[in-house]
2 protein chains.
Amino acid sequence: MSRGRTSPPPPEAPGPGIAYASPLFRQIERQMLAALSRGEWKPGSAIPAERHLAERFGSSIGTVRRAIDELVAGNILIRQQGRGTFVASHTRERLLYHFFHIVGESGAKSYPEVEFLSFAKARADRIAAEKLHVAVGDPVFRVRNRLQLLGAPIMIDDITIPAVRFAGMTEARFRGRASTIYNLYQQVFGVYVVRTSERLRAILADADSAALLGIASGAPLLQIRRVALSYNEVPVEYRISLVDTAHNEYWAEIGRGA
Amino acid sequence: MSRGRTSPPPPEAPGPGIAYASPLFRQIERQMLAALSRGEWKPGSAIPAERHLAERFGSSIGTVRRAIDELVAGNILIRQQGRGTFVASHTRERLLYHFFHIVGESGAKSYPEVEFLSFAKARADRIAAEKLHVAVGDPVFRVRNRLQLLGAPIMIDDITIPAVRFAGMTEARFRGRASTIYNLYQQVFGVYVVRTSERLRAILADADSAALLGIASGAPLLQIRRVALSYNEVPVEYRISLVDTAHNEYWAEIGRGA
DNA sequence: TAGTGGTCTAGACCACGTG
DNA sequence: ACGTGGTCTAGACCACTAC
């Protein structure tokens with residue numbers, strides 16, 4: 001906190017060699033992120049009012065608002081007029097509208113039913129290690145799910161997560177899931193997925209995938225390779241999805257949120 | 001302009017039945033959009049300084065800044081500290097980083113070479129009519145291009161645009177193009193593409209596409225169906241792309257711009 | 001040196017949600 | 001009625017660009 005003096009009085013000098021690191025609102029943003037990371041404010045609950053935060057950080061309300069604006073834009077906080085500002089959490093709705101991009105031909109979205117297939121402890125291969133920023137051979141967990149939409153199987157997820165960030169993960173956590181996977185990450189392991197980066201290509205179904213999806217071997221499939229990132233661009237999950245796009249499609253908006 | 005009185009003096013009342021339509025900054029945003037639409041400020045040139053706009057609109061600088069913020073977020077204006085605020089235009093770089101989402105396996109982006117294939121006047125079929133918000137049978141232009149990346153053909157674009165928005169469009173415009181297609185739309189027809197909405201699926205190459213891409217019939221292809229939108233969500237182009245993703249991929253970021 | 005956008009303040013009033 | 005976020009003001013100083 002070392003910037004932005006007011007005007008009328010010639011106040012105490014900004015200090016000799018102050019460095020002028022970054023704007024005040026960014027410093028406040030970082031402090032708020034730190035508070036979130038250490039669990040001072042919990043997912044789903046309200047953070048202090050803007051007036052109180054301004055007092056705490058010794059700034060004007062406008063500056064605190066600017067910091068909150070950034071965190072809201074980053075899907076980390078949610079404002080609700082008249083009620084307060086809340087820590088975002090991965091509810092079903094949020095997941096559906098932010099990270100699940102498969103829609104019906106008509107454009108209609110619906111909740112996927114997740115069917116657990118397998119869980120295993122393994123070691124990171126070259127690709128997973130690169131995507132997750134861990135060393136080749138580091139312990140990881142592998143999970144396989146099948147997703148259905150309106151009763152029809154349409155998607156297979158192969159998920160890889162680093163053991164170092166999910167210490168104590170068990171098969172039971174994935175089997176008896178009440179909420180979404182990203183909600184599990186957040187609630188149990190404090191890992192909050194902020195954004196994802198995906199690469200898509202068209203491939204032909206192999207015998208294994210075809211059997212799981214109930215389609216012919218050699219049918220076209222959409223392959224999605226996703227890296228999920230947490231605060232500060234830290235990768236926390238690598239996921240390969242295979243989607244039968246015969247009656248569903250992948251949906252992307254470019255240049256502005258929907 | 002009819003909102004937000006200050007405090008100390010009890011100024012002239014906000015008026016009897018004022019309606020309280022929308023915030024001042026949104027009204028200013030709309031007025032600025034109107035100025036852009038009627039060509040008062042041209043692509044690539046600077047708009048008046050914030051101080052002058054504040055005077056013109058009878059608001060404080062902060063409120064004008066808020067309006068500009070919105071237009072910047074919508075890729076319509078571009079701020080440059082110390083220089084001014086400019087009307088965005090579709091340069092090669094902008095196009096590449098905003099609307100061209102095909103990358104090499106390594107993640108590297110490069111400029112596609114566009115090869116003109118055909119141009120025709122036609123009438124909107126049911127699907128094009130729906131996507132472009134015109135009536136079935138309305139006149140449209142159809143353009144087909146082939147794109148190469150590093151010398152190898154990887155993509156076929158089938159473009160449909162409504163004649164009503166591109167009056168006087170000719171084949172020559174597409175043949176002898178110096179810049180990008182979206183730049184042509186903007187410079188010659190005043191149609192500025194703000195964002196796109198895309199649907200993706202995996203299909204098998206038919207004989208026609210396979211021949212154009214130099215691949216085997218029945219090879220997997222990524223089909224992209226894109227609607228390009230201008231100000232106020234007006235659709236201005238419908239485009240079906242077929243991409244050979246053997247050595248290239250579609251790239252998507254979810255939850256925050258990259 | 002002049003002009004532009006970027007940050008920051010201190011405080012007012014408005015709109016909304018809840019008791 | 002009260003507390004919260006949402007809008008708005010008027011003006012200062014900072015950082016950057018260009019002449």
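Throughout, protein chains are lettered first and strands after them, A, B, ... in sequence-line order, and every chain is numbered starting at 1.
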Please list, chain by chain and in numerical order, all residues satisfying side chain to side chain donor-acceptor pair (under 3.5 Å) with [X], sequence neighbours excluded.
X: B:T160; answer: B:R142
X: A:T85; answer: none
X: B:R56; answer: B:E40

What is the distance from [atom1] of [X] to [atom2] of [N], rounded to the nearest Å?
X: A:F25; N: D:dC13; atom1: CZ; atom2: P; answer: 21 Å
X: A:R26; N: C:dG6; atom1: CZ; atom2: C1'; answer: 11 Å
X: B:I68; N: C:dG6; atom1: CD1; atom2: C1'; answer: 12 Å
X: B:Q27; N: D:dC8; atom1: CD; atom2: P; answer: 8 Å
X: B:D69; N: D:dC8; atom1: CG; atom2: P; answer: 13 Å
X: A:R65; N: D:dC8; atom1: CZ; atom2: P; answer: 11 Å
X: A:I61; N: D:dT4; atom1: CD1; atom2: P; answer: 10 Å

task = Pull out every residue in residues 77-85 of chain A that has a heavy atom closer than 4.0 Å to any atom of DNA chain C, ordered by number, or say none.
result = A:Q81, A:G82, A:R83
inquiry  = So if I take residues 42-54 of chain B and measure heavy-atom distances to DNA chain C, which residues fall below 4.0 Å?
reply    = B:A49, B:E50, B:R51, B:H52
inquiry  = Side chains of B:Y238 and B:I159, heavy atoms from C-beta outward: is any pair under 4.5 Å?
reply    = no
inquiry  = Under 4.0 Å between a side-chain nitrogen and a carboxylate oxygen: does that hold for A:E233 and A:R195?
reply    = yes
inquiry  = Check this for me: does any side-chain nitrogen of one of B:E198 and B:R225 sit under 4.0 Å from a carboxylate oxygen of the other?
reply    = no
query = For C:dT9, does either OP1 or OP2 sit under 4.0 Å from a side-chain N or O belonging to A:T63?
reply = yes
query = Does C:dT7 have OP1 or OP2 sitting under 4.0 Å from an N or O in the side chain of A:R66?
reply = yes
request  = Among residues two or more places apart or on two chains, list those pairs meeting salt bridge (charged side-chain N to carboxylate O under 4.0 Å, His left out) that have a residue in residues 103-112 of chain B.
outcome  = A:R201-B:E105
message = Using the side-chain heavy atoms of A:L24, tell me which of these nucleotides is nearest: D:dG6, C:dC8, D:dT9.
response = C:dC8
request  = Check the side chains of A:Y185 and A:E237 for a donor-acceptor pair under 3.5 angstrom, ignoring hydrogens and angles.
outcome  = yes
task = First locate atom CD1 of B:I68, then atom CD of B:E29, and finally report the distance between them rounded to the nearest 0.5 Å.
result = 10.5 Å
